[in-house]
Protein chains: 4
Amino acid sequence: MASKTPVGFIGLGNMGNPMAKNLVKHGYPVIAYDVFPEACKEFQDLGAQVTDSPADVAERADRIITMLPSSPNAIEVYTGANGILKKVKKGSLLIDSSTIDPAVSKELAKAVEKMGAVFMDAPVSGGVGAARAGNLTFMVGGVEQEFDAAKELLTCMGSNVVYCGEVGTGQAAKICNNMLLAISMIGTAEAMNLGIRLGLDPKLLAKILNMSSGRCWSSDTYNPVPGVMEGVPSANNYQGGFGATLMAKDLGLAQISATNTKTPVPLGSQAHQIYRMMCAKGYALKDFSAVFQFLREEETL
Amino acid sequence: MASKTPVGFIGLGNMGNPMAKNLVKHGYPVIAYDVFPEACKEFQDLGAQVTDSPADVAERADRIITMLPSSPNAIEVYTGANGILKKVKKGSLLIDSSTIDPAVSKELAKAVEKMGAVFMDAPVSGGVGAARAGNLTFMVGGVEQEFDAAKELLTCMGSNVVYCGEVGTGQAAKICNNMLLAISMIGTAEAMNLGIRLGLDPKLLAKILNMSSGRCWSSDTYNPVPGVMEGVPSANNYQGGFGATLMAKDLGLAQISATNTKTPVPLGSQAHQIYRMMCAKGYALKDFSAVFQFLREEETL
Amino acid sequence: MASKTPVGFIGLGNMGNPMAKNLVKHGYPVIAYDVFPEACKEFQDLGAQVTDSPADVAERADRIITMLPSSPNAIEVYTGANGILKKVKKGSLLIDSSTIDPAVSKELAKAVEKMGAVFMDAPVSGGVGAARAGNLTFMVGGVEQEFDAAKELLTCMGSNVVYCGEVGTGQAAKICNNMLLAISMIGTAEAMNLGIRLGLDPKLLAKILNMSSGRCWSSDTYNPVPGVMEGVPSANNYQGGFGATLMAKDLGLAQISATNTKTPVPLGSQAHQIYRMMCAKGYALKDFSAVFQFLREEETL
Amino acid sequence: MASKTPVGFIGLGNMGNPMAKNLVKHGYPVIAYDVFPEACKEFQDLGAQVTDSPADVAERADRIITMLPSSPNAIEVYTGANGILKKVKKGSLLIDSSTIDPAVSKELAKAVEKMGAVFMDAPVSGGVGAARAGNLTFMVGGVEQEFDAAKELLTCMGSNVVYCGEVGTGQAAKICNNMLLAISMIGTAEAMNLGIRLGLDPKLLAKILNMSSGRCWSSDTYNPVPGVMEGVPSANNYQGGFGATLMAKDLGLAQISATNTKTPVPLGSQAHQIYRMMCAKGYALKDFSAVFQFLREEETL
């Protein structure tokens, strides 16, 4: 184990923290960096080396994973004044697990390639719980020959590592999945709410949908109506799960990709606006299935 | 078999024809009526009695099934000048398998009840193929004590007979399912189209969605993208299946129910408009999954 | 003045009350009816005859104006057990100023015609203030030869009486106007809100829109942003004006008409849903321009 | 006149060409550049100096106007390898009349400021006709003290030059106006189409809307229904005017700005999708009022 070469990890937030810990658990010496120094402390105690900048990480590790909140952060970490590219070694493997605009992934890949290194986008699905349990799904885009090298690291953190195609397709897969998820969740909430108001019992309606063509993950695995299922956010006042703001962020990325490719996404676009309104009405931190709650509120005079 | 009491059947169109034939196959003497006399001819040859009006059917049978294209037709057949109610016998069981506004079902139920008879709404899911094969799903609303009597007949025509609650809830269940179906179908079409334009292989994308939270019946059983699945309308130029105009009709019913109950259905409402536009662009008779085709057309200058 | 023949008035609510009073002011003996007896009391004091049913009104007056809240009420008042048609005299002129589904207006017209009387739809625009001041706008549908007879009465209550065409076109005109109004109001609210968040001064932005192609009644006469104009509901905490629920009702009628005629109304339909959601979030009784307030609420974590 | 100092002009396309000519007419020596050399030829004949790059323009002129099709073009012209900033003189005034993302305008302004020069965004409203006639409207963002200097040049090309606030607010004003314009145009098309199908005469309906609260620029100045007005694109098979693709582009910018500022724009977003679909259905080069044509197509079986 001691012979494993170190792996850099940049971005130790809610998701990055448990992911990096799983690397440590698998015996990889971790070279850590986060813009908030206190986020690194815990890793110092675990024996990781903590550095002062992304560039420093690149100096000491030739395999680096980044997990950042948004496109501008990713651009800064890679191409900024103290960014990875300032000191990246030739042949390094840089894996970005952030969820960002696929066009930005492609830009970063070009810049990385110019330095003689390799870039792959590998966004995850599954939340903090899956990150802790090490059973995230990684959707990976990049040169196929490098996929095995990436997989070696990613399997320490996830149970599913899927190769999607050229750079940017990992992001594309994630964005498309989450757009469809948002649409079917809102659709499920609308259908359940309408059925209830028309006199149907929610459990019975869910059962009928789930044996019919309306069936979807949102209806059969993550039903948004309290009382229909156990162990889901709707059973727990929409605590935990995947926050409405995060969904709104992903839908924003889907919009940008759709606009760039001139792809009509009428429901995706409307889903984005609904989450936008919902976040402004006090549901920002609730699980995204709380859209049922948002839509069920009744008119009172 | 010969001892079975006759069953009336009104409405022998695309759906009613094979449904009534299945009753005949199960040994029920059928008393038939259709507004188009030629629709009855085939049944005369099968030994059914053909009558001149819904009232005549009601005179000769105390169990009647109706299968009609829209709310106004149902109102006419039940309460019109020569309607069922003119001659319905006390204690008769009237089962309406049309897909109509649940509020209309409730009105009809009240009128039927005044005559001392019983009304149940029992719309179907599954198309002409399922009607022929006798494996429709019936969603039944009405007094629970009468459900067994209805089920005896409906199981001749369907493999799934679900009790949904009071009168109108059969319609409600069907409308809610189809609204959610329309939404997830359009969502699947948008997500697949966006993914393809972002460089993903359609089969791979479908596989990823189906193992993730975007999974739905439209993605895993009835995928709208040609080449992804076999034996579905998208593999056959969107022939057969469930026509876009029929989906538009059901979405219109969902809108009316939502408006009557002041239920917000932002995506259901937009799905309705999209099918409306699609029908006007030459897709009226195509399967409803052709929305993928409708959305994928590219801008050309 | 005393020689004027009596005019029946059915429906003495917020709008009907001041309208009927204006008829009295113009010297018409009024035969009044309302489903709530207390609504008639005031008219008794003004010398009007108060009756027990719409049928009684029809017995005593051969010109009748009805002002009712919804389609079912109108159907009841005309065709119910004690409805106008029970005792209507041949040649009577029945003017319905309710805002209802144009298809219902046509049905009522047919029923009235069978009794040898004349029906016109004449919905109003302008709220309670305009009703009091006698400067409503009437949009009138019906046989053109009867328009002058209708106009004689309607000019007592309105300053603008427009002939729109056959029966139902009065409703159609009103519904189309209000649908466009709702759309441009929401559009104005979105544009103003976006501009403000991008750093523009609201007054300046309104000025620019009003001299450009974005100009509309909602931007130049009824601006929804507090501080931009005086004497409008936005200057008074969205009190008064045209309530959001009333707009939601009219948009519901537009949807029904659009569904019946298979007309795609993607923005009209979305506007309906937005007012639906808004009414459920505490804005039901606010002026419909409060949609600016609804949309401007910011996301907070 | 001869004593006027030269003005640089970069981007001599459909709009830039007549704009630059108006500068020449007003006696300004023009230093011209376009990425397509043939676009410059005409200007050579008019006595303008033609250069090889934006940098060359910056070397020879300290007032420069840029008119470019999109954000990436603007970034290239300002900050590219041969961009303006390579040779810009201190104190130069750079006016960008392109319609681009206001966030990009702000970025450019920062980069320009670092070189000691001044940047203003000044997008136009009014099409090719207004550019030729010299009566464009300019919406100007930037430091207020420089506004007069900018106005001196802009009044040669436009009749309306409006100061909007800090850098980016010119773009913001334009984007907000065009988003509201798109919404009211589609709303007008929906309302006119619905009214016609409900039996109203289009001219009469337009008249009623224009004297009521549905009134907007799209209904009273640029009505999208053939036969209602003369001298507008709808009277000429939707030739000329403002193309649907250009509107789709501006709506894309509005979406990006809304997403960046977390502003809900449900109708703006849907308008974007409608123009997206419309462009893919053969309307890309038609005037944007052809949305009436797009929506009016009828369902045929």
Side-chain angles (χ1 to χ4, degrees), chain B residues 69-73 75-76 79-81 99-101 103-104 106-107 110 114 175 179 182-183 186 243-285 291 294-295, chain C residues 69-73 75-76 79-81 99-101 103-104 106-107 110 114 175 179 182-183 186 243-285 291 294-295:
Chain B
S70 72
S71 299
N73 300 115
I75 292 169
E76 179 68 22
T79 67
T99 295
I100 59 172
D101 181 353
V104 172
K106 285 183 187 175
E107 289 299 318
K110 269 188 219 161
K114 271 190 196 159
I175 282 173
M179 185 177 83
I183 291 169
I186 300 173
T245 35
L246 292 173
M247 183 52 100
K249 179 204 152 194
D250 287 3
L251 290 166
L253 292 174
Q255 282 311 299
I256 289 169
S257 294
T259 297
N260 287 343
T261 54
K262 300 195 176 176
T263 309
V265 287
L267 296 193
S269 150
Q270 212 55 31
H272 182 207
Q273 301 303 318
I274 290 166
Y275 275 107
R276 200 53 89 207
M277 288 189 269
M278 187 177 148
C279 285
K281 299 285 174 291
Y283 291 90
L285 294 180
V291 68
F294 175 70
L295 291 175
Chain C
S70 73
S71 299
N73 300 115
I75 292 169
E76 180 68 21
T79 68
T99 295
I100 60 172
D101 181 353
V104 172
K106 285 183 187 175
E107 288 300 316
K110 269 189 219 160
K114 271 190 197 161
I175 282 174
M179 185 177 83
I183 292 169
I186 299 173
T245 35
L246 293 172
M247 183 52 100
K249 180 205 152 193
D250 287 2
L251 290 167
L253 292 174
Q255 282 311 298
I256 289 170
S257 294
T259 298
N260 287 343
T261 54
K262 299 193 177 178
T263 309
V265 287
L267 296 193
S269 149
Q270 212 55 32
H272 183 207
Q273 301 303 318
I274 291 166
Y275 275 108
R276 199 54 87 210
M277 288 188 270
M278 187 177 147
C279 285
K281 299 286 174 292
Y283 291 90
L285 293 181
V291 68
F294 176 70
L295 292 174

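Order of the sequence lines fixes the chain letters, A, B, ..., with proteins taken first and strands second; residue numbering starts at 1 for each chain. The structure presented is a predicted model; accordingly, all values stated were derived computationally and were not measured.
The shortest distance between side-chain heavy atoms of P266(B) and M277(C) falls below 4.5 Å. At least one side-chain heavy atom of R276(B) sits less than 4.5 Å from a side-chain heavy atom of T259(C).
Residues forming a side chain to side chain contact (heavy atoms under 4.5 Å, CB included) with T261(B) (at least two apart in sequence, or on another chain): L194(A), R197(A), L198(A), T263(B).
Residue-environment remark: NZ (K281(C)) exceeds the threshold of 12 foreign heavy atoms within 6.0 Å.
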Pair up each side-chain donor or acceptor in residues 250-257 of chain B with any protein partner under 3.5 Å, not counting sequence neighbours, and list the distances.
unit_1	atom_1	unit_2	atom_2	d
D250(B)	OD2	N178(B)	ND2	2.7
S257(B)	OG	L253(B)	O	3.3

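Nearest heavy atom pair, residue S269(C) against residue Q270(B), reads OG-OE1, 4.3 Å.
Judged by distance alone, with hydrogens and angles left aside, the side-chain atoms of Q273(B) form a donor-acceptor pair with the main-chain N or O of V265(C) at under 3.5 Å.
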